[in-house]
Amino acid sequence: QVQLVESGGGSVQAGGSLRLSCAASELTFRHYAMGWFRQVPGKEREFVAAISRSGENTDYVDSVQGRFTISRDNAKSTEYLQMNSLKPEDTAVYYCAAKTALLGSRLYTNSHEYTYWGQGTQVTVSS
């Protein structure tokens, strides 16, 4: 069955960096638009970043714009989230998600549109 496995989470001080990875298996990765979401206890899952199938289009929530970079390597069936200048408010469980996309340029920012989810990886930023 389809699996998305996140890695790279951890604890870091404010101003530090982390790189999250999401390895996909049992799906044709290049056919899927990908996204990153995050969630803290008691709150809804929040959109962080999205990337189209081709990788040519990306989108970010305003709070991470200029600090986070989403990318993908279709040959490795893996997407990434490079997180720089981390802030305590970035603390959350981060999830990757996948959705089939007919158009190479299409991306998705609504969690309800995604079909497959990873198990999540904890990111903790201390002040």
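Keep in mind the model is a prediction, meaning the values are calculated, not measured. Nothing fancy with the numbering, it's 1 onward along the sequence.
Within the 4.5 Å cutoff, the side chain of Met83 has no heavy atoms near those of the Ser17 side chain. Residues Glu79 and Ile70 form a side-chain contact, since some pair of their non-hydrogen atoms from C-beta on lies under 4.5 Å apart. Residues Leu18 and Val123 form a side-chain contact, since some pair of their non-hydrogen atoms from C-beta on lies under 4.5 Å apart. Side-chain contact check for Arg19 versus Leu81: every heavy-atom pair is 4.5 Å or farther apart. When side chains are defined from C-beta on, Trp36 counts as touching Leu20, because their heavy atoms get closer than 4.5 Å.
A donor-acceptor pair under 3.5 Å is formed between the side chain of Ser54 and the backbone N or O of Glu56. Of the possible polar contacts, one joining the Arg72 side chain to the Phe29 backbone as a donor-acceptor pair under 3.5 Å is found. Side-chain N or O atoms of Arg45 include none that pairs as donor or acceptor with a backbone N or O of Gln39 at under 3.5 Å. Side chain of Arg38 to backbone of Ala92: no donor-acceptor contact under 3.5 angstrom is found. With hydrogens and angles disregarded, no donor-acceptor distance shorter than 3.5 Å links the side chain of Tyr94 to the backbone of Val48. Checked by atom type and distance alone, the side chain of Gln3 never pairs as donor or acceptor with a backbone atom of Ala24 at under 3.5 Å. Within the 3.5 Å criterion, the main-chain N or O of His31 finds no donor-acceptor partner in the side chain of Asn74.
In plain terms, the two heavy atoms of Phe47 and Asp59 that are nearest each other are CZ-O, 3.6 Å. Across all their heavy atoms, Trp117 and Ser111 have their closest contact at CZ2-O, 3.4 Å. Here the closest heavy-atom approach between residue Tyr114 and residue Ala50 is recorded as OH-CB, 3.9 Å. Between Gly120 and Val93, the shortest heavy-atom distance links the atoms CA-CG1, 3.8 Å.
Note that CD of Gln122 is 12.0 Å distant from CD of Glu6, once rounded to the nearest 0.5 Å. From Asp90, atom CG reaches atom OG1 of Thr124 across 11.0 Å, with rounding to the nearest 0.5 Å. Here NZ of Lys87 is found 13.5 Å from OG of Ser127. Values are rounded to the nearest 0.5 Å. Separating the OG1 atom in Thr100 from the CD atom in Glu113 is a distance of 11.0 Å, to the nearest 0.5 Å. Here the straight-line distance linking atom OG1 of Thr115 with atom NZ of Lys99 works out to 5.5 Å at 0.5 Å rounding.
The aromatic ring centroids of Tyr95 and Phe37 lie 6.0 Å or more from each other.
Ser21 pairs by the side-chain contact (heavy atoms from CB on, under 4.5 Å) definition with Ser7, Thr78, Tyr80, not counting sequence neighbours. Residues satisfying the side-chain contact (heavy atoms from CB on, under 4.5 Å) test with Glu44, not counting sequence neighbours, are none.
Atom OH of Tyr60 has more than 12 heavy atoms from other residues, nucleotides or ligands within 6.0 Å. For Gln13, the CD atom sits in a loose shell: 12 or fewer heavy atoms of surrounding residues, nucleotides or ligands are nearer than 6.0 Å.
In the hydrophobic cluster analysis, where Ile, Leu, Val, Met, Phe, Trp and Tyr join through side-chain heavy atoms closer than 4.5 angstrom, Met34 is grouped together with Val2.
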Only distances under 3.5 Å count here; give the side-chain donor-acceptor pairs of residues 101-109 to other protein atoms, sequence neighbours excluded, each with its distance to 0.1 Å.
none

(request) Could you please spell out the steps behind the side chain to side chain contact (heavy atoms under 4.5 Å, CB included) verdict for Tyr32 and Leu27? (result) CA-CA 9 Å; Tyr32 285 77; Leu27 56 75; 3.9 Å; yes

